[in-house]
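Below: one structure, written as structure tokens.
Remember, it's a predicted structure, so these values are computed and weren't measured experimentally. These values consider heavy atoms only, across backbone and side chains, with no hydrogens, waters or symmetry-generated copies. Residue numbers start from 1 in every chain, and the chains themselves are labelled A, B, ... in the order their sequence lines are given, proteins ahead of strands.
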2 protein chains.
Amino acid sequence: MGHKRATLADVARRAGLSKTAASMVLNGREGTRLSAEAHQRVFAAAEELGYRPNVAARSLRTRKTATIAFVSDIVATTRFAGDLIRGALDAAREHDHVLLIAETQGDVAFEQYAIDAMLDRQVDGVIYAAMATRRLTVPPALLAGPVVLLNATSPEGLPCVLPDDERAGRTAAGALLDKGHRDRIAIIGRNRLKETDPEVSLAAGARLRGIHDALDEAGTSVHREVSCPDWLPEHGYAAMRTLLRRPDRPTAVVCMNDRLAFGAYQALADAGLSVPQDVSVVSFDDDPIAAWLRPGLSTVALPHETMGRRAVELLLDGRAAGPTVVPMSLRRRRSIASPA
Amino acid sequence: MGHKRATLADVARRAGLSKTAASMVLNGREGTRLSAEAHQRVFAAAEELGYRPNVAARSLRTRKTATIAFVSDIVATTRFAGDLIRGALDAAREHDHVLLIAETQGDVAFEQYAIDAMLDRQVDGVIYAAMATRRLTVPPALLAGPVVLLNATSPEGLPCVLPDDERAGRTAAGALLDKGHRDRIAIIGRNRLKETDPEVSLAAGARLRGIHDALDEAGTSVHREVSCPDWLPEHGYAAMRTLLRRPDRPTAVVCMNDRLAFGAYQALADAGLSVPQDVSVVSFDDDPIAAWLRPGLSTVALPHETMGRRAVELLLDGRAAGPTVVPMSLRRRRSIASPA
DNA sequence: CTGTTAGCGCGTTCAC
DNA sequence: GTGAACGCGCTAACAG
């Protein structure tokens, strides 16, 4: 690949100057040390030869590769991984950097491999990403250089980027309160494990706190809460069915994520009820299905692209410490109405 | 990053040998040239120092970086991008390689930037991926080194990896025929642009041919075909409604992708019809929603993970030319039954 | 047989 | 403005 590329020596020769001079000119060093004429000649030569520096050679001296490692636990599983990566990619490009990616699949051996591979390539820093917002422990090898955690925190208090799930909870509940819902708001998706183990999820507890706080402040409280073994459509379906079995049906439901909401929609349809006339629904994530549902699902969006971007900015900036919280905003669609 | 790493010189010194000896031992060169004892000493020293070669330094001489560029048009938009990448990542790891990723966003300037950045880093080859199966023209700069197209072909006849959409079409139609559907099979998702412009889609035409061929061979033909401006749920919804307006309602429908099928499900539900008792549905892609729908949607899966894997295998193997076709298989769920 | 010396590859940087 | 060394690992040529 890239066989007969012009080297700095070629440029220097063509410009009739030394490699040193060429290097200085091309790197914009030393304002007046070289004549304007020398500048012209070097630029012209570089242009004519299509010169591009060899990053490997350069990094040997400078110890900078303009390359960032993006290591995540799982890239393929969730639709959101792509947004995280895209944001990171965009920011990297803006700063003339490039991304080396690897995934650990939650496997210690793979993780070790990935980290070694990145370090062998002298990356300038690493972004360590989790696909579910959670706390994790960072492999010690990473602590030697710049790291930022993406969608995760760690006990070490490293710089990290997190979505603001607590405010998202307030936002979701607020959207319902604003429309006049009050004493018949239910929650679908309580889950003890997700709520109590920060290594599993940080989102569940935070969203819940936000919801409860908002209702508290409005002088009311949750009507009913249904637990789910996981946050999948089938669990949302079952949860909504149990809510509908009771006579005092809720006027509104907040689902802990969009997949649950999808299941809830199905249960409502099966029961002959319609959204939002009979029951309003609000949720979290802004999964693509939120827009595909009929009526469109109002949901508080995960700002994954922004988060990915912020992570590389923090990494390149270098002076960040502690968490950076990215706001989540409500995508208003048609699933919320005033109670009948 | 990686500040005080041990160098080859450190290893050699500790082993009491020259760098040459250490290098040869560590690279497994020259069977008997060095004593067994020397081998021991070098290995021991390397082990004790945690030595790992500096890839940049090595590549300066060998011109190999054990790094593959993965350049795609769009990573974030579709859920499938992740699978393509994951497959590539897995195969890369198995061959001790690493992936440098970039996306062009369909923008010529971004593409130029990405390619230059990859080439500057002396990647061993590039995988050029498209998120929708289509024909594209490869930037000339890439033709200088090993390239494989992923989910795309090019006029140049470069090595490429494609899903077998034509057989997928036969498979989908076959699943319906097997259950006894015959003269009332409809298609949702005809689209002249996708079917005729290979730079837009190669999948549409191929799937359609497969479906038609299978019906031909069964001595029948398509009952009705509905065009859609795009392959989104809303278009599937509209298409199904137009089918249902006619008195001779189809007994089965094949949707050109799962998102259309999702819309079709909604229209059927709105009409009070049920899948598969009233209408059977089969589709393509195996989007996650296929499993979430009720009943589960039977669909012919895009083998994205396998394709990603195959692409790096082809690239590293080096001797491939022309297309490699990856089979698509039917995910049997509950959306197909015998006609009433 | 067992090993070493002396560059090389490419760009940066120090001392003159 | 320049020569020469340097960063790190590989390798042709050479020597005990």
Would you mind classifying the nucleic acid contact of A:A38 as base, sugar-phosphate or nothing, using non-hydrogen atoms under 4.0 angstrom? sugar-phosphate

Go along nucleotides 9-16 of chain C 5' to 3' and tag each nucleotide: B for a protein heavy atom under 4.0 Å from its base, S when only backbone or sugar atoms are that close, - otherwise. BBBBBB--

When you measure from the side chain of B:D124 to the backbone N and O of B:T65, does any donor-acceptor pair fall under 3.5 Å? yes

Please, which pairs that meet side chain to side chain donor-acceptor pair (under 3.5 Å) have at least one residue in residues 133-149 of chain A, sequence neighbours excluded? A:T133-A:N151

In this structure, how many angstroms lie between the C1' atom of D:dG9 and the CG atom of B:L17, rounded? 16 Å

Look only at the side chain of A:T62 and the backbone of A:R58, and say whether a donor-acceptor pair between them is shorter than 3.5 Å. yes

Separation of atom CZ in A:R121 from atom P in D:dC8, rounded to whole Å: 17 Å

Show your reasoning for whether side chain to side chain contact (heavy atoms under 4.5 Å, CB included) applies to A:D10 and A:R13. CA-CA 5 Å; A:D10 296 331; A:R13 193 171 317 118; 3.3 Å; yes

Check: A:G87 main-chain N/O paired with A:D90 side-chain donor or acceptor under 3.5 Å: no

